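My structure is below; once you've seen it, I'll send some questions.
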Amino acid sequence: MAHLDSASTAFGTLLGYAPGGVAAYSSDYETASKLQYPKRSAFRSHYDGIYMGYKWQCVEFARRYMYINHGYIFDDVAMAYDIFDLRTVRDVKENQLLPLNAFVNGNKRHPEVGCLLIWKEGGEFEETGHVAIVTEVTEQFVRIAEQNVGHALWSEGANYARQLKAKVTKEGEYWITCSYGDAQILGWMIQTDDNEYAEPHNEKNTALFQLHSNHANEITDAKKSWLNIANEDEAAFVDAMGGHYLTSVISEQTRYFIASQSAETALEYATNELHNMFMHATDYVLEHPELLEKFNLPNSVLPKIRQSWDNRLNQLITSRFDFAMTKNGLKVYEYNCDSASCYMESGKVQGKWARHYGINEGHDAGKDLFKDVARAWKKSHAKGVVHILRDDEAEEAYHALFMQDALKSAGIDSKIIIGLTGLQWSEQGAVIDAEGEQVKWVWKTWSWETALDQIRSECDEETLNTGVYEPDWQRNQPLRLSDVLLRENIMVFEPLWSLIPSNKAILPVLWSLFPNHPLLLNSAFELTPELQATGYVKKPIVGRCGANIELIDHNDTVVEATQGSFASQDMIYQQLFALPNIDGYFTQVCTFTAAGSYAGSGIRADKSMVINKDSDCFALRFYSDKTFLTEF
C-alpha cells in the first residue's frame, strides 16, 4: 500500500506522477517563494496554452490529467464539489461536447480507472469539496492521484497518492470510505454514453432562454412626469432624452422586455465566470510580449499598464458585458471593461419606468445596480475627493451625475470637471483644480484610448517606442488629458490595465486559453476556414459604438456593415452569432458589474443587427420560470 510520507514539502515540489506522466505538485502555499510567486497571477497554470486552474489545487490537477490523457477538459467551477453537477466535457481538438455522467457513492456502476472522484463540501474539505483521479479499482480499495491534500512525496514507484477503503454489497453496490473520518464522498464522474444508474441530467428548458417583449398599458396623461428632476442625474437624463422617456422612439415608450428567472441565474453565473476568464487572459497577454504586440499599444505606456495590473487589480468599479441570448445558448460578444454607459438607464431609470407604467410582474433587472456600485466605491481605496472627468455631452452628463450619486452614497466627496476646465499645474508640479485642491483620485467617462490617441498625436514614433511615457510638468502651460490620466500620483478608475480586456484582440486569446468554451465565440486574428464555414464578424481591435463592423455569412455575403473612424485599425474575426430578432428589434442583453461581480442587467435593441451609440435602451424584467412559461 502506498502512503503519504509524513514529511511536508515546499510549494511546487514534485510529489509523483499519475498515469500518463501527469505530475502532481505540493500545494503548501505557506512555503511558496515570494520571488517565484510575487503576485496572485503567478499561480495560474497553463498547459498547451490552455488555462487549467490555480497551482497546485485539486481542480487544476484533474483538468490537466483529463487533458493530457484524453484531450478534453471540464468547464471552470467555483468549488470542486460543483464538478458533480456538470454533465459534459469538451473535446478540445474535435470541438465537441461529450457526455459526463455522475454516479453517487454506493452505485451499481462501479468507478473506473481515470474517472473523477468527487467529495462533498464539509469536514476536511470544508467549503470547497475535493476532486481526485481514480488510478486503480478493486473490491477492497481504490487508489487515487490528487493535489492539495497533504504535501508529502508519494511512495517510490507509485502512481497514486492515497488508497481508500471500498466495499461491494451483495446487491452489487460499490461504496468508498474516505480516510478522513469527517469527509464524505459524493460519487464518481465517468465520461460515458451509458447513463444507466447515473444521476439524472437536469436538462435546461431552452424556452427559458428566449427573450420576449410586451407593452405596458398606456397612461392617460402621457406627458406625466415620472423621473424626479430634483435629483440632478434624473434631471440631466430628462434633458438628454427631451422628456420623461426611456427610449428615443416616442411610439415605443411602452415596450419592455421579459426574461426568466433561470435566464437571470445564467447571466449572473456567466458574468462572474467571464470576468475571471478575461482577467486570466489579461494576465496571460501581459506575460507574453508577442501577444501584447497585437493590441497596438504604445511601448512607452506598457510599463505603466503592467504596474497598474500588478498594484491596482482591485480598482475596477464598473464594467459591462454584451450578450446574445437565444434558445441556442448564451454567447458573449465582448467586455466593455472601460465603460460606464447604460448604468443610469439600467440602474435607475428602468425601475422608475416600470413603476410609472404599473408593471408589477417579476422584478427590475437593475434593482441592485446602484447599491452595488456604491458598495464597490466604499470598498475602494479612494480617499478624499474623487474628481469626475467628462466631456460636454448630454449623455456623459447623466453618467457622471449617476456616479457622483453613487459616490455620495458611499460617503465619498466628488467634483465633476467638464473637459479639463479649471485643472492646472501647481507651483510644485501637482495637478490641482480651480479651488486649489490636488487631484489624487479620478473617475472618467472617457475611454483610455482617448488618452492614448492624444499621446500618439503628440509624440513621434521614436518617442512612443523608447523609454517610459511620463507627462511633463510644464509651468504655465495648459494641462493635457494624458497629463492627468497617466500621472504617477493620480489613481484613475477604471484602471489603465482595463485597456487589455476592452481591446477586441483579447477575444482570440480567450479562445486559445478556453477553447470551445460554451460562453465564447470562435475568434481569431486571421480568417480561418472554420470561421468562413460558420459566417463571421470582422471587428476593429479598438472600436467603439459598433463602428466599422462587418457581418459576413457562410456564403461570404456581407449581411450588414457599419461606418466609422476605425477602419485603419487591425481587425479580428469572430464567429457570426446573430442577436435574436424580437418583434422587429435585434436585442442584446447587457450585464453590469460592480468591482468585477454581477450587479444587474439591461437591454439594448435596434432595427439594425449591430448595436451602436444610438441604439435604444429598454426596461428588462425577470419573471419566475413558472409565470414566464405560462405567459409565453
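Remember, it's a predicted structure, so these values are computed and weren't measured experimentally. The chain is numbered in sequence order, starting from 1.
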(Q) Testing the basics here: between Y343 and T593, what is the closest heavy-atom pair and its distance to 0.1 Å? (A) OH-O, 2.6 Å
Q) Does any N or O in the side chain of Q350 come within less than 3.5 Å of the main-chain N or O of S346, such that one atom is a donor and the other an acceptor? A) yes
Q. Is there a donor-acceptor pair under 3.5 Å between the side chain of K331 and the backbone N or O of P518?
A.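 Looks like yes, one N/O pair under 3.5 Å.
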**Q.** Euclidean distance, M491 CE relative to K383 NZ, rounded to 0.5 Å
**A.**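 So the NZ of K383 and the CE of M491 are separated by 9.5 Å.
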Q: With the side chain counted from C-beta on, respond yes when L520 and L274 share a heavy-atom pair under 4.5 Å apart, and no when they do not.
A: yes
(Q) Salt bridge or not between D606 and R604? Use side-chain N to carboxylate O under 4.0 Å. (A) no
Q | K504 and D570 ion-paired at < 4.0 Å | A |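 So K504 does not pair with D570 through a salt bridge.
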Q) Roughly how far apart are H46 NE2 and H288 NE2, rounded to 0.5 Å? A) 7.5 Å
Q.
Just checking E290: does its CD atom have more than 12 heavy atoms from other residues, nucleotides or ligands closer to it than 6.0 angstrom?
A. yes
(Q) V589 vs F257, test: side-chain contact (heavy atoms from CB on, under 4.5 Å). Steps then yes/no. (A) CA-CA 10 Å; V589 180; F257 287 81; over 6 Å; no
Q | Donor + acceptor pair across side chains of E273, H517 (<3.5 Å) | A | yes
Q: Look only at the side chain of W353 and the backbone of E345, and say whether a donor-acceptor pair between them is shorter than 3.5 Å.
A: no
(Q) Any donor-acceptor pair under 3.5 Å linking the side-chain atoms of Q147 with those of S27? (A)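 The criterion, which ignores hydrogens and geometry beyond distance, is not satisfied for Q147 and S27.
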Q) Nearest 0.5 Å, what's the SG-NE2 distance between C337 and H275? A)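 So the gap between those two atoms works out to 7.0 Å.
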Q. Is the gap between the ring centers of Y29 and Y54 under 6.0 Å?
A. no
Q. What class does the angle between the rings of F11 and F43 fall in, given that below 30° is parallel, 30 to 60° is tilted and above 60° is perpendicular?
A.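 Judged by the thresholds at 30° and 60°, the geometry between F11 and F43 is perpendicular.
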Q.
How about NZ on K440, more than 12 heavy atoms from neighbouring residues, nucleotides or ligands closer than 6.0 Å, or not?
A.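 12 or below, so no.
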**Q.** Inter-residue atom distance T421.OG1 - L479.CG, 0.5 Å rounding
**A.**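 With rounding to 0.5 Å, OG1 (T421) is 11.5 Å from CG (L479).
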Q | Test item: D372 side-chain N/O and A594 main-chain N/O as donor-acceptor pair under 3.5 Å | A | no
Q) Any sub-3.5 Å donor-acceptor pair from S502's side-chain atoms to D338's backbone N or O? A) yes
(Q) Does any part of the side chain of M279, heavy atoms only, come nearer than 4.5 Å to the side chain of W497, both counted from C-beta? (A)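 W497 reaches M279 side chain to side chain.
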Q | Side-chain (W377) to main-chain (I317) donor-acceptor, under 3.5 angstrom | A |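 Such a contact is absent between W377 side chain and I317 backbone.
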Q) So which heavy atom on R480 is nearest to which on L420, and how close? A)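 Looking at all heavy atoms of both residues, the shortest contact is C-CD1, 3.5 Å.
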Q: Can you see which heavy atom on A259 is nearest to which on L211, and at what distance?
A: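 For A259 and L211, the tightest heavy-atom pair comes out as CB-CD2, 3.8 Å.
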Q) Do F402 and F370 have ring centroids that are under 6.0 Å from one another? A) yes
Q: Apply salt bridge (charged side-chain N to carboxylate O under 4.0 Å, His left out) to the pair E395 and K613, showing each step before the final yes or no.
A: CA-CA 10 Å; E395 184 177 347; K613 66 182 181 65; over 6 Å; no
Q: Walk me through it: do D82 and M79 pass the test side-chain contact (heavy atoms from CB on, under 4.5 Å)?
A: CA-CA 5 Å; D82 289 329; M79 300 295 177; 3.8 Å; yes
Q: Take N299 and L302 through the test side-chain contact (heavy atoms from CB on, under 4.5 Å) and record every step on the way to the result.
A: CA-CA 5 Å; N299 287 341; L302 296 183; 3.7 Å; yes
Q. Are any non-hydrogen side-chain atoms of N148 and W56 less than 4.5 angstrom apart?
A. no
**Q.** Expected output: side-chain T271 to main-chain L267 donor-acceptor under 3.5 Å
**A.**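 Confirmed, T271 side chain pairs with L267 backbone.
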Q: Taking the side chain as every heavy atom from C-beta outward, state whether L292 and R306 have any pair of such atoms under 4.5 Å apart.
A: yes
Q) Any luck finding a side-chain donor-acceptor pair between T247 and D616 under 3.5 Å? A)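 Checked: T247/D616 side chains show no N/O donor-acceptor pair below 3.5 Å.
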Q.
If I take atom CD1 from residue I412 and atom CD from residue Q404, how far apart are they, to the nearest 0.5 angstrom?
A. 12.0 Å
Q. Can you find a pair of side-chain heavy atoms, one from W425 and one from D483, that are under 4.5 Å apart?
A.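 Yes. Closest side-chain heavy atoms under 4.5 Å.
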Q. Is there a donor-acceptor contact under 3.5 Å from the side chain of N231 to the main chain of D233?
A.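 No; judged by distance alone, with no hydrogens or angles, the pair does not exist.
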Q) Does the side chain of Y333 come within less than 4.5 Å of L579's, by heavy atoms? A)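 Contact flag for L579/Y333 side chains = yes.
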Q.
Taking the six-membered ring for Trp, are F321 and Y598 closer than 6.0 Å centroid to centroid?
A. no
Q) What pair of heavy atoms forms the shortest contact from L507 to E334, and how long is it? A) CD2-CA, 4.4 Å
Q) What about the rings of H280 and Y284, do their centers lie closer together than 6.0 Å? A)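 Centroid separation for H280 and Y284: 6.0 Å or greater.
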(Q) Taking E234 first and then K352, would you say they form a salt bridge - that is, a charged N and a carboxylate O separated by under 4.0 Å? (A) yes
Q. Which atom pair, heavy atoms only, marks the closest approach of E449 to L297?
A.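 That would be OE2-CD2, 4.0 Å.
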Q) Taking atom OG of S523 and atom OH of Y536, what is their separation to the nearest 0.5 Å? A)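 So the gap between those two atoms works out to 14.0 Å.
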Q) Is the count of non-hydrogen atoms from other residues, nucleotides or ligands lying under 6.0 Å from Q438 atom CD greater than 12? A) yes
**Q.** Charged N-O contact under 4.0 Å between K408 and D405
**A.** no
Q: Please lay out, stage by stage, how K444 and M403 fare under the test side-chain contact (heavy atoms from CB on, under 4.5 Å).
A: CA-CA 10 Å; K444 59 184 178 48; M403 196 56 63; over 6 Å; no
Q. Would you find a donor on one side and an acceptor on the other, under 3.5 Å apart, between the side chain of S308 and the backbone of K304?
A. no
(Q) If I compare all heavy atoms of A266 with all of F209, which pair ends up nearest, and what's the gap? (A)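 In terms of heavy atoms, the two residues are closest at CB-CE2, 3.6 Å.
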Q: Answer whether the closest heavy-atom distance between the side chains of I506 and Y335 falls below 4.5 Å.
A: no
Q | Heavy-atom donor-acceptor pair, N503 side chain to I500 backbone, under 3.5 Å | A |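 A pair under 3.5 Å: no.
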Q. Any side-chain heavy atom of Y51 sitting closer than 4.5 Å to one from M277?
A.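 Counting from C-beta outward, Y51 and M277 never come under 4.5 Å.
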